[in-house]
Amino acid sequence: MKKLLWFSKALLIIGLVSICNSSIAQDGNMGMPDISGWPKASQMAAKMMMDKYGKPNESTPHMLIWYNNGPWKRTIVYDTESKHIFPVDHMDVMEQVIDHKVPVAKISDLAAYDGSVTVRRTDGELSAKCDKEGANFLAINLAHDVLTGKKTVAQARTFYANAIKEFALQNK
């Protein structure tokens, strides 16, 4: 029993040392990996978030993470793109999360509304993933409207599509 306890303590210490070492190595550049090799959409999202919220709280070679930034519980900018064609072609690279309980009966409605809106029921979270914060705000607000019955799935999709298309036209 004593050997097992000692072994457990040794594993815990080794784990803590490796976590500290990886944090030190990671934070050697003030927590910022070189993102120059990231896709353009990821670089643009990262720059927008840093301009607005400052340096991320955490970073890895593959993502930047902010906690409690503005209205968000968490913002993650990824170095990988997910092609998304609704309502216009773009790359989803930035996930923004809020606390929001979602009833089981409404999850399929949210999936039908927008595939970039994700529910984490166990964590009580709702997130949107796009390339721009404004699109994530819109997606989350419309998801809330679907959940509360203010809008049907079709109404939310139409509203989202029209708003994003109008935004795209204004920013060409």
Side-chain angles (χ1 to χ4, degrees), residues 32-33 35-172:
M32 289 297 302
I35 64 170
S36 63
W38 286 20
K40 285 287 184 218
S42 298
Q43 289 183 42
M44 288 174 58
K47 182 179 178 352
M48 284 188 287
M49 291 299 95
M50 285 188 273
D51 288 349
K52 188 169 183 177
Y53 298 114
K55 290 184 179 179
N57 299 102
E58 287 185 37
S59 63
T60 74
H62 304 288
M63 69 180 81
L64 304 176
I65 307 167
W66 289 260
Y67 294 102
N68 301 311
N69 58 314
W72 307 109
K73 180 178 183 177
R74 180 173 61 254
T75 295
I76 306 168
V77 176
Y78 298 95
D79 73 340
T80 54
E81 299 174 318
S82 300
K83 184 169 177 63
H84 194 186
I85 58 172
F86 173 74
V88 295
D89 281 352
H90 66 283
M91 295 296 181
D92 287 350
V93 295
M94 179 171 58
E95 180 180 24
Q96 294 181 293
V97 181
I98 64 168
D99 284 320
H100 200 303
K101 301 269 187 226
V102 176
V104 174
K106 292 289 190 172
I107 292 174
S108 61
D109 287 345
L110 290 183
Y113 152 61
D114 187 344
S116 292
V117 171
T118 304
V119 176
R120 290 185 190 87
R121 277 192 62 236
T122 303
D123 297 327
E125 295 179 342
L126 182 66
S127 70
K129 188 177 179 189
C130 197
D131 61 340
K132 295 191 175 45
E133 185 175 38
N136 284 339
F137 270 119
L138 181 60
I140 291 283
N141 280 304
L142 289 169
H144 180 75
D145 286 352
V146 168
L147 291 172
T148 59
K150 282 183 166 180
K151 287 191 180 358
T152 65
V153 169
Q155 289 169 331
R157 283 183 66 80
T158 300
F159 190 97
Y160 185 82
N162 291 338
I164 295 298
K165 287 175 185 175
E166 184 177 321
F167 176 81
L169 286 174
Q170 292 175 357
N171 291 292
K172 276 196 169 191

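We count residues from 1, following the sequence as given.
Listed by chain and residue number, Lys73, Arg74, Arg120 satisfy the salt bridge (Lys or Arg N to Asp or Glu O under 4.0 Å) test with Glu125 (two or more places apart in sequence, or in another chain).
Atom CD1 of Ile164 and atom CG of Leu138 lie 5.5 Å apart (nearest 0.5 Å). Rounded to the nearest 0.5 angstrom, Asn57 CG and Asn69 CG are separated by 7.5 Å. A distance of 9.5 Å separates CD of Gln96 from OG of Ser127, quoted to the nearest 0.5 Å. Here CG of Asp145 is found 9.5 Å from CD of Gln155. Values are rounded to the nearest 0.5 Å. Of the inter-residue distances, the one linking His144 atom NE2 with His100 atom NE2 reads 5.0 Å to the nearest 0.5 angstrom. Between Leu64 atom CG and Trp38 atom CH2 the span is 4.0 Å, to the nearest 0.5 Å.
Within the 3.5 Å criterion, the main-chain N or O of Gly54 finds a donor-acceptor partner in the side chain of Trp66. Checking side-chain atoms of Asn136 against main-chain N and O of Met94 turns up a donor-acceptor pair under 3.5 Å.
Taking all atoms of both residues into account, the shortest heavy-atom contact from Pro61 to Pro33 is CA-CB, 4.1 Å. Heavy atoms only, all atoms of each residue included: Tyr53 and Pro71 are closest at OH-CD, 4.0 Å. The nearest pair of heavy atoms linking Val77 to Ser42 is CG1-O, 3.5 Å.
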(request) Apply side-chain contact (heavy atoms from CB on, under 4.5 Å) to Leu142 and Lys151, showing your working. (result) CA-CA 8 Å; Leu142 289 169; Lys151 287 191 180 358; 3.7 Å; yes

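In this pair, Phe137 and Trp72 present their aromatic rings tilted. The plane angle is within the 30 to 60° band.
No more than 12 heavy atoms of other residues, nucleotides or ligands shown are found within 6.0 angstrom of CZ on Phe159.
In this structure the side chain of Met44 never reaches within 4.5 angstrom of the side chain of Asp131, judged on heavy atoms. Between Thr75 and Glu133, the closest side-chain pair of non-hydrogen atoms is not below 4.5 Å.
Paired with Leu110 under the rule side chain to side chain contact (heavy atoms under 4.5 Å, CB included), one option of Thr118, Val153, Leu147 passes, and it is Leu147.
Remark: Lys129 is positioned above the aromatic ring of Tyr78, its terminal NZ or CZ atom under 6.0 angstrom from the ring centre and at most 45 degrees off the axis.
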